[in-house]
Novice: 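Can you read through this structure? Questions will come right after.
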Amino acid sequence: MLERILIIMVILVAGTTILVWKSQKKKKALLLVQKESQKITDEAFTAAIQQVSMIGFEKPIKLHSEFVSNIWGSKVTAFEYSIEIPQIETQDLTKIKKELTERLQIYANEKHLVAYDGHPIFAVSDIWIFAGVLHVDVSHITNAETWLYVEDVARSDRTK
């Protein structure tokens, strides 16, 4: 009887260890995908935002983003940028979003980035200004989860 209990315990411990290992391996792979997507998006956004006519930078800049996926889910490849630009007003956001979207598409075409399932490669999924800081969420559409995120945010678009 004791022998059976020990065998069952060994099997349970081994099974749990395997499940934890697989889960960690999956998380690590997902993080690698997110980091690569973030790098691509950071480069595209940095290039595109400097070409938006309403936003003037005196010298070239390098921007870094924060993950939006912490809130929306781990497979979402969307990133938030915060830039101090006190001269921007709320009524400017629609024009900035449109021009930034165009610039991101031009960048994607120049770099030959591959679209996911016929969707645009990048989407300015959200844009707002608060206390002189321009906040822009850019989605790198690499999977269905990100596209669903873009659609969800579009339903509550602040610039419409």
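Keep in mind that the numbers below use all heavy atoms, side chains included, and drop hydrogens, waters and symmetry copies. If you read the sequence from its start, that first residue is 1, and numbering goes on from there. Remember, it's a predicted structure, so these values are computed and weren't measured experimentally.
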Novice: Identify the heavy atoms of Leu104 and Val138 that sit nearest to each other, and give their distance.
Specialist: CD1-CG1, 4.0 Å
Novice: Supply the atom-to-atom distance Leu134 CG to Ile85 CD1, rounded to the nearest 0.5 angstrom.
Specialist: 5.0 Å
Novice: Can you see which heavy atom on Ile141 is nearest to which on Tyr116, and at what distance?
Specialist: O-CB, 3.3 Å
Novice: Between the side chains of His140 and Thr77, is a donor N or O closer than 3.5 angstrom to an acceptor N or O?
Specialist: no
Novice: Is there side-chain contact between Val136 and Asp126, with at least one heavy-atom pair below 4.5 Å?
Specialist: no
Novice: About how many Å separate OG of Ser139 and CD1 of Ile121, when rounded to the nearest 0.5 Å?
Specialist: 13.5 Å
Novice: Donor-acceptor pair, Ser65 side chain versus Glu80 backbone, under 3.5 Å?
Specialist: no
Novice: Using modelled atom types only, decide if a donor and an acceptor are shared between the side chain of Ser37 and the backbone of Val33 within a distance under 3.5 Å.
Specialist: no
Novice: Enter the distance from Trp147:CH2 to Asp152:CG here, rounded to the nearest 0.5 Å.
Specialist: 11.5 Å
Novice: How are the rings of Trp128 and His135 set relative to one another: parallel (under 30°), tilted (30 to 60°) or perpendicular (over 60°)?
Specialist: parallel
Novice: Can Tyr81 and Asp42 be counted as having a side-chain donor-acceptor contact under 3.5 angstrom?
Specialist: yes
Novice: State, with a plain yes or no, whether a side-chain heavy atom of Ser125 is found less than 4.5 Å away from one of Phe79.
Specialist: no
Novice: Answer whether the closest heavy-atom distance between the side chains of Ile49 and Leu63 falls below 4.5 Å.
Specialist: yes
Novice: Do NZ/NE/NH1/NH2 and the carboxylate oxygens of Lys95 and Glu99 come within less than 4.0 Å?
Specialist: no
Novice: Does the pair Phe130 and Thr90 meet the rule for a side chain to side chain contact (heavy atoms under 4.5 Å, CB included), with working shown?
Specialist: CA-CA 9 Å; Phe130 181 74; Thr90 303; over 6 Å; no
Novice: Decide yes or no on side chain to side chain contact (heavy atoms under 4.5 Å, CB included) for Glu36 and Ile40, but give the supporting numbers first.
Specialist: CA-CA 6 Å; Glu36 182 61 23; Ile40 291 166; 3.8 Å; yes
Novice: Considering only heavy atoms from C-beta outward, does the side chain of Phe122 approach that of Val150 to under 4.5 Å?
Specialist: no
Novice: Could you state the interatomic distance from CD1 (Ile127) to CD1 (Ile88), rounded to the nearest 0.5 Å?
Specialist: 8.5 Å
Novice: Is the backbone of Ile106 close enough, under 3.5 Å, to the side chain of Asn109 for a donor and an acceptor to pair up by distance?
Specialist: no
Novice: Just so I know, are the side chains of Gln50 and Arg103 near enough to count as touching, which here means a heavy-atom distance under 4.5 Å?
Specialist: no
Novice: Within a radius of less than 6.0 Å around CD of Glu3, do more than 12 heavy atoms belonging to other residues, nucleotides or ligands occur?
Specialist: no
Novice: For the atom pair CD (Gln105) and CG (Leu113), what is the distance rounded to the nearest 0.5 Å?
Specialist: 9.0 Å
Novice: Around atom CD of Glu43, are there more than 12 heavy atoms of other residues, nucleotides or ligands at under 6.0 Å?
Specialist: yes
Novice: Would you give the length of the straight line joining atom OG1 of Thr41 to atom OH of Tyr107, rounded to the nearest 0.5 angstrom?
Specialist: 9.5 Å
